[in-house]
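Okay, handing you the structure first.
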Amino acid sequence: MAPSINVVTVAKTRQALAAAYLETVWAALRIDAPVHLTHRQATALAGELDRVWADRESRARGASKVHTPDVGWAPDTESHD
């Protein structure tokens with residue numbers, strides 16, 4: 001039994017939206033330039049940083065943090081003397 005025309009149309013529309021989004025991601029990675037964040041994305045990133053600083057188990061509370069893509073925030077362990 002074949003899917004209805006409406007289901008196929010919705011699937012093709014969603015696939016096109018996903019492909020368009022991923023093309024912007026790949027383009028940003030290719031140019032290796034800063035990414036423009038929406039207010040919502042910037043707020044989420046700031047919230048993640050705030051949670052790291054507020055974490056009571058953090059050994060370096062209040063020290064500088066470094067963000068690594070796909071890893072998150074971590075204490076800056078490099079000596080800047």
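As the structure is a computational prediction, the values presented were derived from the model and not from experiment.
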**Shortest non-hydrogen contact from Arg30 toward Glu23** =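 The answer is NH2-OE2, 2.7 Å.
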
**Prompt:** If you measure from CG on Asp50 to OG1 on Thr43, what distance do you get to the nearest 0.5 Å?
**Reply:**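 Output value for this atom pair is 12.0 Å.
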
**With Val71 via side-chain contact (heavy atoms from CB on, under 4.5 Å) - residues at least two apart** =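 Thr68.
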
**Asked** Stepwise, does the side chain to side chain contact (heavy atoms under 4.5 Å, CB included) test hold for Leu49 with His67?
**Response** CA-CA 9 Å; Leu49 176 61; His67 185 266; over 6 Å; no

**Asked** If you round to the nearest 0.5 Å, how far is CG of Leu17 from CG of Leu22?
**Response**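 So the gap between those two atoms works out to 11.0 Å.
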
**Item:** Sub-4.5 Å side-chain heavy-atom contact between Ile31 and Trp26
**Value:**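 The answer is no; the side chains never approach within 4.5 Å.
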
**Request:** Just grab all the side-chain hydrogen bond (donor to acceptor under 3.5 Å, both in side chains) pairs involving residues 6-20, residues at least two apart or on different chains.
**Result:**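 side-chain hydrogen bond (donor to acceptor under 3.5 Å, both in side chains) check on residues 6-20 returns no pairs.
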
**Asked** Taking Gln41 for the side chain and Thr38 for the main chain, is one N or O donor matched with an acceptor at less than 3.5 Å?
**Response**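 It does hold such a pair.
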
